Amino acid sequence: MTLDSTTTRGDAARSEPPAVITCDSLVRVYRGGGVEVQALQGLDLRVDEGEMLAIVGASGSGKSTLLGILSGLDAPTAGSARLAGHDLTALRGAELVRYRRTTVGTVRQQSSRNLLADLTASENIALPLALIGTGRRERSRRIAELLHELGLDDRGDRRPAQLSGGEQQRLSIAVALANAPRVLLADEPTGQLDARTGAGVLAALRAVNERLGCTVVIVTHDAAIAGQVRRTVAIRDGRISSETLRSRDRDQHGAGALTEEEFAVLDRVGRLQLPEEYRRAMDLGERVRLTVERDHIGVWPQQPRPENEEGTP
Ligand code: ADP
Ligand code: MG
């Protein structure tokens, strides 16, 4: 299919793509019932225009909180977040409504939260278009285009309940893309699907990213999905703890070997998270010694435990 100039962007190859998302020291504290939960604890993140990024992390690590802030549904307690030039700490009223309708598109895990059960597939896509005043003819053109792009050509007249789980999520993606957002935010979009169906939804997201040039941020539990995007960031305790970069290197026979390298993330003020298994392996406590060597920095236990103290409290 061909896309018009309002939906394609970023066609020119640039050596240094501009960031479309920038989070600096993002903090979100939930308060209620006398308890305080620090869902985000100074998170830094940069996503390039046109990138497809996976975010992974244990349940409760702050992934949905981050997506909620980026989608304009929630506001940070401190720190800054910018998306496509909008300052998310300052958006209010009509500007915020417009941001949610046109700048970002969101897909959630349950398609029942993405789609209206009483409307057909075409009507579901028409709704966000109508909300920003798109005329009838442009609406029909856009609906046909999106149904086609998501492999739902002959499904336009069906209601969500008459679609398979994978089709429902692809329709959710079409709805999220209706107003040609700069960024698509998907929170565990394959969480309720079996592996094969999930792979189909991921393929649809990749096609959206590659063909429409839309930046895609996908939160997932699924290691198989995370393994298929170029960059995965891991969130731990409300901060980015590590990043995995993947690339395909050509060997001398021209075959592509996938190389994958995991990096710890050093934040702006020099903080680093040492993975639990490393701390355990070296029996690291609250304090460590740092040594600067010629080509690396060493991290040592505070002091080796004397033999004869073993086992005494
Ligand atoms: P994830 O999506 O990675 O599972 P969340 O962002 O949903 O994590 O949650 C991060 C932390 O914030 C969790 O401890 C969760 O219980 C808490 N949390 C999330 N939403 C709320 C809320 N509305 N009120 C209070 N605590 C919340
Ligand atoms: Mg979540």
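Remember, it's 1-based here, ligands and their atoms both numbered in the order they're listed. This one's a predicted model, so the numbers in the text were calculated from it and none came from an experiment.
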Please check: side-chain N/O of Arg159 versus main-chain N/O of Gln162, any donor-acceptor pairing under 3.5 Å? no
Can you tell me if Ser64 and Asp187 form a side-chain donor-acceptor pair at under 3.5 Å? yes
Just verifying a value: how many Å separate Ser122 OG and Leu147 CG, rounded to the nearest 0.5 Å? 5.0 Å
Within the stated cut-off of 2.8 Å, is an N/O/S atom of Thr65 closer than that to the Mg ion (ligand 2)? no
Nearest protein heavy atom with distance in Å, relative to atom 27 (C) of ligand 1: Tyr30 CD1, 3.2 Å
Which atoms from ligand 1 have a heavy atom of Ala58 less than 4.0 Å away? 3 (O)
Pull out every atom of ligand 1 sitting under 4.0 Å from any heavy atom of Thr65, numbered as shown with elements. 5 (P), 6 (O), 9 (O), 10 (C)
Could you identify which residues cluster with Leu131, counting Ile, Leu, Val, Met, Phe, Trp and Tyr as linked when any side-chain heavy atoms lie under 4.5 Å apart, either directly or through a chain of such contacts? none
Between Gly32, Gly238, Ser59, Gly60, flag the one that comes closest to atom 13 (C) of ligand 1 by a heavy atom. Gly60
A student comparing Ser61, Gly62, Ser64 should find that the heavy atom closest to atom 2 (O) of ligand 1 comes from Ser64
Does atom 16 (O) of ligand 1 have a protein heavy-atom neighbour under 4.0 Å away? no
Quick one: look up the protein heavy atom nearest atom 14 (O) of ligand 1 and list residue, atom name and how far away it is. Val37 CG1, 3.5 Å
Find all atoms of ligand 1 within a distance of less than 4.0 Å from any non-hydrogen atom belonging to Ala39, and give their numbers and elements. 10 (C), 11 (C), 12 (O)
Would you say that Leu245 contacts Phe263 through its side chain, given a criterion of any heavy-atom pair below 4.5 Å between the two side chains? yes
Do you see a protein non-hydrogen atom under 4.0 Å from atom 19 (C) of ligand 1? yes
Sidechain N-carboxylate O distance under 4.0 Å for Glu145, Arg142: yes
On a heavy-atom basis, which atom in Thr215 and which in Asp48 lie closest, and how many Å separate them? CG2-O, 3.7 Å
